[in-house]
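Positions are given from 1, in the same order as the sequence printed here.
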Amino acid sequence: MTTALLALFPIALGAILLIGFRVPARRAMPAAYAAAVLVALLIWQMPIARIAGASIQGLFLTFDLLFIIFGAILLLHTLERSGGVDAIRRSFHGLSDDRRVQVVIVCWLFGSFIEGAAGFGTPAAVTAPLLVALGFPAAAAVMLGMMVQSTSVTFGAAGTPVLVGVQGGLGGEAFSADLAEAGIGMLDYLAVVTERGVVLHATAGVLMPTLMVVMLTRFFGARRSWTEGLSILPFTLAGGLAFTVPYVLFGFFLGPEFPSLLGAPVGLAIMVTVARRGWLVPSDTWDFPARDQWKPDWVSGFEDEATEANDRGIGLVNAWAPYALLGGLLVLSRLPALPIGGWLRTPAIAWDDILGSGVSGSTTPLYLPGFFLLVVVCITALLHRMDFADVRAAAASSGKVLLGAGFVLIFTVPMVRVYINSDVNEAGLLSMPLVMADFVAVNVGDVWPFFAAMTGALGAFIAGSNTVSNLMFTAFQYGVAERLMMSTAMIVALQAVGAAAGNMVAIHNVVAASATVGLLDREGATLRKTILPTIYYLLVLGILGLLAVHVIGLPDPLMGRSS
């Protein structure tokens, strides 16, 4: 128990500093990294070269992650400056006067698409001001912007939480040996995690647009009524299915890059058609009470200032073209029947046996989604006839975002790699994640599938990121499943999906979304609302986890190896 608590200490320190003392992440995570190094040195007695090698390996992963973040934010900022975002926003005007319909189309579907393309809290930052411009109170816009960061998040930013988070969280020598013994590769394992993840998300997420609408009518309606939201149930259920059905299909047949990136626009096209034809919508039109009846805590003053930007003449097709191009390029590069993926993976930057530690690091920059995002940015600048000054300003603003995220990740990801690589030590101990896993396996046992998603949500709540939660806890989750002889892929999928649910209450994301509509210092009111769908999501996931492990008995892709 003592070693398990010591292994937990660096993560717990980060959580206590962030939550208990409200220390900024830029100070809390360096402290957590330093604590992990001290525990590795003094308790696990890891060689200094091994700690340094693990830290440098973490920097390779940090580069991958920051490259994707920069590309995603740069594309969004480029579209903002070219007028593309305003063209997209104009397309939503006149679609329907019913606020419930607007929630499904603008927030749930368009927001999920932005998550698939950009991730990292971007949907709330984009949809919240868009909703305010459409006439929503700022507080309602932030609440809804936070709720959209759920079903789409595990496969946001072209699958980064899986491709970087899960893969980076598992990529130690012991797991590589397990893969070799089972005769499969990392991508094969991630494909199974993706298949389990999309089914879990689709089952819980199909009701999310209904919950969004119900909470809107309950907290921001004149009658404060739950049932006013339920009166549009056929439309909200259709909106849920329009996204989750293609979402599952893309996850099974194309992989983790595509469920959100391609599933959301398919759903958007379907539901825009349904709304324009007036199908599945009730005869009444729901709206907020008169503006002079809005409560003071609903508004920020931004509502009176939110107007459309100047029309720069960007057509709707041109506005959507960059995202369509991104999806097409990613599909072409990921299809196994085509040689493109192999060509792009060939140029690699690698460091084998870093400092003689036995740890290696590598990156394939041309295969990362970040590269395709940069290509699309260049094409967009030409397509939208942008001035160089606007492109440079978009790059500068994106760089500022990157600096904030980068400093935190430079310590967070190496900390995780120190954890994972602590299996080589002079104290005769298992790696830190496996020591914690042993403790949980002994003390929690067969009911762990109910709590696996909650652990992922806790990580996202602390870090504000599905990807970082997966980096921190995937090896731990894998170890628990292995010791309890459960499907490791199922437990890892619960981790990844639970971390997505945790984004709805991630303080970092609430602050970012609130800032876009001038609603800072009221984050607590938002969290008291978004905790409700978070609890719903985690309860559903817990029940599904128990059923999958103990009733259905899903197999594991590694079951062919010896135990």
Side-chain angles (χ1 to χ4, degrees), residues 15-16 18-23 25 99-100 103 107-108 111 121 123-125 127-129 131-132 136-151 153 204-205 207-230 288-289 293-303 453-466 469 498-542:
I16 291 169
L18 284 166
I19 301 168
F21 294 94
R22 299 184 181 181
V23 174
R99 302 301 187 178
R100 299 167 298 183
V103 166
C107 193
W108 167 247
T127 58
L131 289 172
V132 171
F136 283 63
V142 173
M143 178 191 76
L144 294 167
M146 291 300 298
M147 290 178 69
V148 78
Q149 295 180 122
S150 52
T151 308
V153 172
L207 287 180
M208 280 303 293
T210 301
L211 286 176
M212 293 168 121
V213 168
V214 165
M215 289 185 64
L216 179 72
T217 60
R218 171 63 180 85
F219 292 110
F220 298 96
R223 299 179 183 176
R224 313 275 289 187
S225 168
W226 299 101
T227 56
E228 284 183 322
L230 291 175
F288 300 106
Q293 297 177 26
W294 288 8
K295 296 187 175 183
D297 59 354
W298 291 10
V299 298
S300 65
F302 189 87
E303 295 87 350
M454 297 181 188
T455 301
L458 176 63
F461 172 71
I462 294 169
S465 167
N466 190 327
S469 177
N503 271 257
M504 288 189 279
V505 289
I507 296 173
H508 176 276
N509 291 341
V510 178
V511 172
S514 299
T516 64
V517 293
L519 205 68
L520 288 172
D521 300 326
R522 301 188 210 168
E523 292 82 7
T526 299
L527 288 172
R528 285 192 291 273
K529 296 180 179 72
T530 58
I531 190 65
L532 299 176
T534 305
I535 292 171
Y536 152 77
Y537 222 95
L538 294 176
L539 287 176
V540 171
L541 294 178

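Of all non-hydrogen atoms in Ala204 and Val540, the two that sit nearest each other are CB-CG1, 3.8 Å. When all heavy atoms of Val153 and Ala500 are compared, the pair lying nearest together is CB-CB, 3.7 Å. Smallest separation of non-hydrogen atoms from Ala453 and Leu538: O-CD2, 3.8 Å. Smallest separation of non-hydrogen atoms from Val505 and Thr534: CG1-OG1, 3.5 Å. The minimum heavy-atom distance linking Gly205 with Trp108 is given by the pair O-CH2, 3.5 Å. Residue Gly111 comes nearest to Pro123 through the heavy atom pair O-CB, 3.5 Å, listed as atom of the first residue, atom of the second, then distance.
Applying the side-chain hydrogen bond (donor to acceptor under 3.5 Å, both in side chains) criterion to Asn466, with sequence neighbours excluded, gives Thr154, Asn470. Evaluation of the salt bridge (Lys or Arg N to Asp or Glu O under 4.0 Å) rule for Arg99 yields Asp287 as partners, not counting sequence neighbours. In this view, Thr151 and Tyr537 satisfy the side-chain hydrogen bond (donor to acceptor under 3.5 Å, both in side chains) rule, not counting sequence neighbours.
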May I have the list of side-chain donor-acceptor pairs in residues 138-146 shorter than 3.5 Å, sequence neighbours left out?
none

For residues 207-224, tabulate all N or O donor-acceptor pairs below 3.5 Å that involve a side-chain atom, not counting sequence neighbours.
unit_1, atom_1, unit_2, atom_2, d
Thr210, OG1, Thr236, OG1, 2.8
Thr217, OG1, Val213, O, 3.4
Thr217, OG1, Val214, O, 3.0
Thr217, OG1, Ser225, O, 2.7
Thr217, OG1, Gly229, N, 3.3
Arg224, NH1, Phe219, O, 3.0

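Remark: side-chain polar atoms of Ser469 are paired, donor with acceptor, to backbone N or O of Gly456 under 3.5 angstrom.
The shortest side-chain heavy-atom distance between Pro289 and Trp298 falls under the 4.5 Å cut-off.
Of the inter-residue distances, the one linking Leu532 atom CG with Lys529 atom NZ reads 9.5 Å to the nearest 0.5 angstrom.
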